[in-house]
Amino acid sequence: MMRNAILRSTATAVASSSARPATRLGFASRPILANAQAQLQMNVQRGQRRMYHEKVIDHYENPRNVGNLPKGDQDVGTGLVGAPACGDVMKLQIRVGEDGVISEVKFKTFGCGSAIASSSYMTERVKGMTLEQAGAVKNTEIAKELSLPPVKLHCSLLAEDAIKSAIKDYQTKRAKKLSTANTPPPSMGTSPSVATA
C-alpha cells in the first residue's frame, strides 16, 4: 500500500514536471521527458551513420593479424606509438625475411574502433611489401580506404607512425647485427709486442 502511494506521488510529480517546458542555457526547449527518448534515438542513428563506415566495423569486429611477435628476434621490428590527445596506443610488429620483404605482421591496439580498424588494415596492406614500399604507405590512403571522418584521421596517422617506427626498429637491429658480424673477435692469449730499440 505504501509502495503504491510512493509510486503514484512520483508519477504525479514526473507528469507535472514534464508538462512545464525546461530551460537549458536560457533558451526554452520542449518538455524533456516527452521527447528525450525520440531525441536520443535520432542522435544515435545519426551518429552511427556519420561516424563508422562498414569497412571500419568489419575490421573492428574481425580484426586481422592480432597478436605479438617475439620482440627479441633479430628479424622482428616493433613500433609502439600513442596519441596523448585521445589515449590510443598502437603496437605494430613486422617480421622481415632475408630478401627485405615483410613476411609477417601483428598488432595490438588500445583505442577506438577507428584505431583498431586502421591497425588491422595496415597489417593487411604491408604484408608482402619491401621495407621501402611499406614506409611509403600514407595515412591518407588508410583514411580513404576506411572512409574515416575528419575527426578520426589521427587514427590513420597512428598506423602510419607505427609502421615507420617498426621499420626503424628493425633497421637498427639489423645494423647492430651487421656491425657485430664484421668486427673481428679479440685475439686470445697474445699481448701486443713492444718494439725495443
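In this chain, numbering begins with 1 at the start of the sequence shown. All of these numbers come straight from a predicted model, not from anything done at the bench.
- Both Leu146 and Ile57 are assigned to one and the same hydrophobic cluster, defined by single-linkage of ILVMFWY side chains at heavy-atom distances under 4.5 Å.
- Taken together through direct or relayed side-chain contacts under 4.5 Å among Ile, Leu, Val, Met, Phe, Trp and Tyr, Ile142 and Leu92 form part of one hydrophobic cluster.
- Using a 4.5 Å cut-off between side-chain heavy atoms of Ile, Leu, Val, Met, Phe, Trp and Tyr, with links allowed through other members, Phe107 and Leu69 fall into different hydrophobic clusters.
- The pair Glu141-Arg125 meets the salt-bridge criterion, with a side-chain N (NZ, NE, NH1 or NH2) lying under 4.0 Å from an Asp/Glu carboxylate O.
- Here Leu178 contributes atom CG and Thr180 contributes atom OG1; the two are 7.5 Å apart, rounded to the nearest 0.5 Å.
- A donor-acceptor pair is defined here as one N or O able to donate and one able to accept, closer than 3.5 Å; such a pair exists between the side chain of Gln133 and the backbone of Thr130.
- No side-chain donor-acceptor contact under 3.5 Å links Lys138 to the backbone of Glu160.
- Residues His53 and Leu148 fail the side-chain proximity criterion, which asks for heavy atoms closer than 4.5 Å.
- A distance of 12.5 Å separates CD1 in Ile116 from NZ in Lys108, rounded to the nearest 0.5 Å.
- Taking OH of Tyr121 as the reference point, atom OG1 of Thr123 lies at 10.5 Å (rounded to 0.5 Å).
- Looking at heavy atoms from C-beta onward, Val101 lies out of side-chain contact with Val96 at the 4.5 angstrom threshold.
- The same ILVMFWY cluster, assembled from side-chain heavy atoms under 4.5 Å apart, contains both Ile167 and Val105.
- In this structure, OG on Ser114 lies 11.0 Å from CG on Leu158, to the nearest 0.5 angstrom.
- A distance of 7.0 Å separates SG of Cys86 from NZ of Lys152, quoted to the nearest 0.5 Å.
- Between Cys112 and Cys155, some side-chain heavy-atom pair lies under the 4.5 Å cut-off.
- When the side chains of ILVMFWY residues are joined at heavy-atom separations under 4.5 Å, either directly or via intervening members, Met122 and Leu131 end up in a single hydrophobic cluster.
- Atoms CG and CG, from Leu153 and Leu157 in turn, are 8.5 Å apart once rounded to the nearest 0.5 Å.
- In this structure, Lys168 places its NZ atom where only 12 or fewer heavy-atom neighbours from other residues, nucleotides or ligands lie under 6.0 Å away.
- Annotation: side-chain hydrogen bond (donor to acceptor under 3.5 Å, both in side chains) contacts involving residues 80-106, sequence neighbours excluded, comprise Asn68-Lys91, Asp73-Arg95, Asp75-Arg95, Thr78-Gln93, Arg95-Glu104.
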